[in-house]
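Heads up, the thing below is written out as structure tokens.
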Amino acid sequence: MEKVEIIVGDITTLKVDAIINAANSSLMGGGGVDGAIHNRGGPAILQACKEIRKESYPQGLPVGKAVITQGGELLATYVIHTVGPIYSNDPKPEAHLKNCYENCLELAKKNKITSIAFPGISTGVYGFPKESAATIALTTINSFLKNSPGSVEKVVLCAFSKKDQEILQRAQNKL
Ligand code: AR6
């Protein structure tokens, strides 16, 4: 069975167990996919993020880490929030982006989530080059799936444009 699916769409409309949010360390929302998730998911997500900040991350969620909340009014049951590297001023953007994918997948496994969808973390305002981000995403996901059989069954890579889908597809063909 093919476990990794590359699609074009709005991640907030997907019916999977969990969607990933490309958040910032404040976890208080923002623009891009973060804004879209909070808009469509409603205030319960922000409330849950506030509690996580208060209880676990008063200084903010570090780059590469991930936390989970309910999905509010989304079709997805959960949202996993991660903070991608800001490409231009991160000392190790590649390693940190890999951490994002790994930590989201580990958190999914821990919560018995079987289907999950990722946006292109850091490839918007955080400026990560899309080609190398696609390769990091695919290699990290593939090695997780290989090393954790029987956990996550389906991973969707949700591009926001046909052009971005083609970048992901080309990266997959090169693996
Ligand atoms: N569905 C799928 N993908 C989307 C959607 C959507 N609804 N909306 C945007 N994208 P970005 P970052 C794509 O900027 O680079 C926020 O303000 C978009 O085309 O959302 O990690 C946060 O609060 C791009 O390919 O996230 C942070 O401050 C990808 O999602 C900061 O932006 C990521 O773009 C995070 O920046």
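Order of listing sets the numbers, starting from 1, for every ligand and every atom in it. We're numbering straight along the sequence, starting at 1.
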Which atoms of ligand 1 are found less than 4.0 Å from any heavy atom of [X]?
| X | result |
| --- | --- |
| Asp34 | 22 (C), 23 (O) |
| Asp10 | 1 (N), 6 (C), 7 (N) |
| Gly9 | 1 (N), 2 (C) |
| Gly31 | 16 (C), 17 (O) |

Side chain to side chain contact (heavy atoms under 4.5 Å, CB included) evaluation trace for Thr69 with Tyr78: CA-CA 6 Å; Thr69 67; Tyr78 300 101; over 6 Å; no
Starting from [atom], what is the nearest protein heavy atom, named by residue and atom, and what distance separates them?
| atom | answer |
| --- | --- |
| atom 28 (O) of ligand 1 | Asn24 ND2, 3.2 Å |
| atom 19 (O) of ligand 1 | Phe160 CB, 3.7 Å |
| atom 1 (N) of ligand 1 | Ile11 N, 3.0 Å |
| atom 24 (C) of ligand 1 | Thr123 OG1, 3.4 Å |

Verify same cluster id: Ile136, Tyr126 (apolar side-chain graph, 4.5 Å): no
Transitive ILVMFWY side-chain link Val67 to Val79, under 4.5 Å: no
Heavy-atom distance to [atom]: which of [options] wins?
| atom | options | answer |
| --- | --- | --- |
| atom 34 (O) of ligand 1 | Gly84, Gly124, Pro85 | Gly124 |
| atom 36 (O) of ligand 1 | Phe118, Tyr126, Tyr87 | Tyr126 |
| atom 32 (O) of ligand 1 | Leu157, Val33, Val125 | Val125 |
| atom 33 (C) of ligand 1 | Ala22, Gly120, Ala23 | Gly120 |

Ring center gap for Phe118 and Tyr101 short of 6.0 angstrom: yes
Please check: side-chain N/O of [X] versus main-chain N/O of [Y], any donor-acceptor pairing under 3.5 Å?
| X | Y | answer |
| --- | --- | --- |
| Asn24 | Ser26 | yes |
| Thr135 | Glu131 | yes |
| Asn21 | Ile37 | no |
| Asp17 | Ser115 | yes |

Min heavy-atom dist Ser26 to ligand 1 below 4.0 Å: no
Gln169 and Gln172 side chains, donor-acceptor separation under 3.5 Å: yes
Flag for Gln47-Lys50: side-chain donor and acceptor within less than 3.5 Å: no
CA sep, side-chain torsions, deciding dist, call: Lys3, Glu153, salt bridge (Lys or Arg N to Asp or Glu O under 4.0 Å): CA-CA 6 Å; Lys3 285 185 169 184; Glu153 284 165 11; over 6 Å; no
Ignoring angles and geometry beyond distance, decide whether [X] reaches within less than 3.5 Å of ligand 1 through its nitrogen or oxygen atoms.
| X | answer |
| --- | --- |
| Ile121 | no |
| Ser122 | yes |
| Thr12 | no |
| Gly32 | no |

